[in-house]
Amino acid sequence: MKQVLESLIRQALSDLVKSGELAPQEAFAEGFQPSSLKINLDVPKDKQHGDFASNIAMVSSKVFGKAPREIASLLTGALAGSKIVEKTEIAGPGFINFYIRAESRLAAIPTILAAGERYGHSRAGKGKKIQVEFVSANPTGPLHVGHGRGAAYGASLSALLAATGHEVVREYYVNDAGRQMSILAASLWLRYLAILGESFAFPVNGYKGDYLLEIAQQFADEHGERFHRPAAKVFAGIAPDEPQGGDKEQHIDAIIARCRELLGEEHYEILFNTSLDAILADIADDLGEFGVQYDRWFSEASVASEIPGALALLRSKGHIYEQDGALWFRSTSFGDDKDRVVQRDNGEYTYFASDIAYHKNKFDRGFDTVINVWGADHHGYITRVKAALTALGLDADRLVVKLVQFAILYRGEERVQMSTRSGSFVTLRELREEVGNDAARFVYVARKTEQHMDFDLELAKSETKDNPVYYVQYAHARISQLWQKVPAGVAERLKQTDWTAKDSAALLEPLSEDAELALVAKLAAFPEVIDVAAQNFEPHTLAHYLRELASEFHGYYNSTRVIVDEEPLVLARLALAESVAQVIRNGLAILGVNAPESM
RNA sequence: GCGCCCGUAGCUCAGUCGGAUAGAGCAACGGCCUUCUAAGCCGUGGGUCAGAGGUUCGAAUCCUCUCGGGCGCGCCA
């Protein structure tokens, strides 16, 4: 509807320019095309301002050197007699208000019922390859509630982009190469040794979570005594831990070294891979149950071989220099605060070096746009990564970093304490088990990413209208139940109607109430909601739209009976209700939330 | 100190590529169940859009400064 109206306005504008009634001022005349004017069409907040309103007359006032209301008058004159426009009004400083004919408004219903689950989908992003990398938490333990927000956002964003025709690759970058992983492997070993009866103080810096105990038990069951070494040997001559007045970092590093020494590289690798695989599998399970699927799990270790090449390329462009025995990337040339080390004086590459290679790899794969969903604490990292891309000769604007702010959990008024250190953090799995996947997905994604989020567990669990998830789902359930209650003949007739047929719209003529026309207008806006949400990477606008739609439907449902005596009216109202249900289904599907038939 | 994000109703938040009288839910107050799910609906009150300047036909929205909150500033990952 909106597109149709927009093209009508464009046509009228171009006709007026052709006929000379509108002529661009000299300053704008060169190369002027009517099509270069941006036509803004909005659904006004106030219904008295029509179905659509445009500010085109005001915006083009300077170009044409005429008063806005004069331009508006010419335009409305040219639009008179249109099939879809019932009337136009010029208001205020020069707004044009459009009133659409009732028949044209109702056209949304056949469109929805014919398109079904594809309604709202578009080809706006056709031919565009886009990668969304999200969560990418270190595989050193279970995901916590902060990761949940990134997961819900990334998954919904990906679904939005797919719905608008983009070719989407969902990717999880697995940090399987760093020191943290070595600490994890050593922690597993120590837990295993304890299970076999060894007694010692667990390192302050080790991973203390319960999840590791289970993995250790399985490891013991599988390998028996093969990895057993006496604690006395393990800790002989090891630098003291923090409680003993030592340095916890040195302590844990010494244990890792001892572990490799006592087990040998082959066995150490088994240990390492066991911990990595177990935790990664757990993360994948967790996300899978949360409705979050990936196309690719990208291993950091696998990009190691590409680091020298990427750095060589930077070096050849003069962006690498040596100082204090280390190699530095001159990121200050690209707006960074300081230069960054890419290779340490001990020869090891930094995490940043991996990231340069990884991002180069991403663009080498031909993505038009690469989206990184990061926790807000990583924002200081954006500049240097973009600097590296620019230095590599890539367009850094094609990398979009979406920062997701933290979520703070509340149980009613009370704040839920989260602490990684004590190991008492609330995991995503615990959250999902408490509030359910649907509520968690919806609540997470209902806020824009830049907003700090207060996640109220009580609210998310409540089965009342206070809870937006239930509110929207309930609207869907109510409509589903209607099908059971309408006369069988009507339901059957509706099911068999071919909504692509031209005369099918005639069935909807009984719809005449304001609430019905308003509801249809809301449904007609859905495709644009999807397009804009996808374009701006903002799934929260979809969540808000669904809430509004559900609210309008509940109001209508409460005031107007669907099942009445006149069959044509029942048919038309059921068609309207089913259109609402279809849009709710399509919207919730993108958000990863179920649309239940009954509640 | 420097950088990024945020500041909108008592609370949680929309609205921010400039548009008409700044919206919604909760909470408060008042109504609605012999009728398709009251898991719901209708109504009322509630605002210095943190503050001050500026840009213009028009600013919550853009620019500058100030204040308040969060986060970041490693040869860690």
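Order of the sequence lines sets the chain letters (A, B, ...), proteins ahead of strands, with each chain counted from 1. As the structure is a computational prediction, the values presented were derived from the model and not from experiment.
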Item to check | Flag side-chain contact, heavy atom, 4.5 Å: A:L403 against A:E450 | outcome: no
Checklist entry - Under 4.0 angstrom, heavy atoms only, what part of the nucleic acid is A:A477 near: base, sugar-phosphate, or nothing? => result base
Checklist entry - Distance only, no hydrogens: is a donor on one side chain within 3.5 Å (strictly under) of an acceptor on the other, for A:N175 and A:Q180? => result no
Checklist entry - Which residues satisfy the ring-ring contact (aromatic ring centres under 6.0 Å, His included) test with A:F553, sequence neighbours excluded? => result A:Y557
Item to check | Cation-pi geometry met for A:R547 and A:Y471 (6.0 Å, 45°) | outcome: yes
Item to check | Short side-chain N/O contact to B:G15 OP1/OP2 from A:K448, under 4.0 Å | outcome: yes
Checklist outcome for this item: Here the distance between atom P of B:C11 and atom CG of A:L459, to the nearest Å, is 17 Å
Checklist entry - Mapping A:M599 and A:Y349 to their closest nucleotides on RNA chain B, which lands nearer the 5' end? => result A:M599
Next on the checklist: Assuming nearest nucleotide by heavy-atom distance, tell me which of A:D454 and A:I563 is located more 5' along RNA chain B.
Outcome noted: A:D454
Checklist outcome for this item: Pairing partner of B:G72, by Watson-Crick or G-U wobble and under 3.5 Å for both distances, is B:C2
Checklist outcome for this item: Whole-Å distance, A:M453 CE to B:C6 P, equals 16 Å
Next on the checklist: Considering every strand and a 4.0 Å limit on heavy-atom distances, what is the contact class for A:S462: base, sugar-phosphate, or nothing?
Outcome noted: nothing
Item to check | C1' atoms of B:A14 and B:C49, separation to the nearest Å | outcome: 13 Å
Checklist entry - Across the strands shown, which category fits A:Y470 at heavy-atom distances under 4.0 angstrom: base, sugar-phosphate, nothing? => result nothing
Checklist outcome for this item: Expected string for nucleotides 70-76 of chain B under the B/S/- scheme (protein heavy atoms, under 4.0 Å, primed atoms plus P, OP1, OP2 as sugar-phosphate) is SBSSSBS
Checklist entry - NA contact type, A:N97, heavy-atom cut-off 4.0 Å: base, sugar-phosphate, or nothing? => result base
Checklist entry - Now, which nucleotide makes the Watson-Crick or G-U wobble pair with B:C33, with each of the two distances under 3.5 Å? => result none
Checklist entry - Quick one: are the ring centres of A:F329 and A:Y321 less than 6.0 Å apart? => result no
Checklist entry - Considering only side-chain heavy atoms of A:E538, which listed nucleotide, B:G15, B:C41, B:G19, is closest? => result B:G15
Next on the checklist: Mind checking if A:H49 touches a base, just sugar-phosphate, or nothing, with heavy atoms under 4.0 Å?
Outcome noted: base
Next on the checklist: Can you tell me whether the base of B:C26 sits syn or anti, using the 90° cut around 0 to define syn?
Outcome noted: anti
Checklist entry - Does a side-chain heavy-atom distance below 4.5 Å link A:K402 with A:Y153? => result yes
Item to check | Nearest-angstrom distance, C1' atom, B:A60 to B:G18 | outcome: 11 Å
Checklist outcome for this item: Expected list for residues 540-549 of chain A near RNA chain B, using heavy atoms below 4.0 Å, is A:H540, A:T541, A:H544, A:R547
Next on the checklist: For B:A22, give the paired nucleotide (Watson-Crick: N1-N3 plus N6-O4 or O6-N4; G-U: N1-O2 and O6-N3; both under 3.5 Å), or none.
Outcome noted: none
Checklist entry - Looking for any heavy atom pair under 4.0 Å, which part of the strands does A:R561 touch: base, sugar-phosphate only, or nothing? => result base
Item to check | Rounded C1' spacing from B:U55 to B:G68 in Å | outcome: 26 Å
Item to check | Sugar-phosphate only, base, or nothing, as touched by A:Q451 at under 4.0 Å among non-hydrogen atoms | outcome: sugar-phosphate
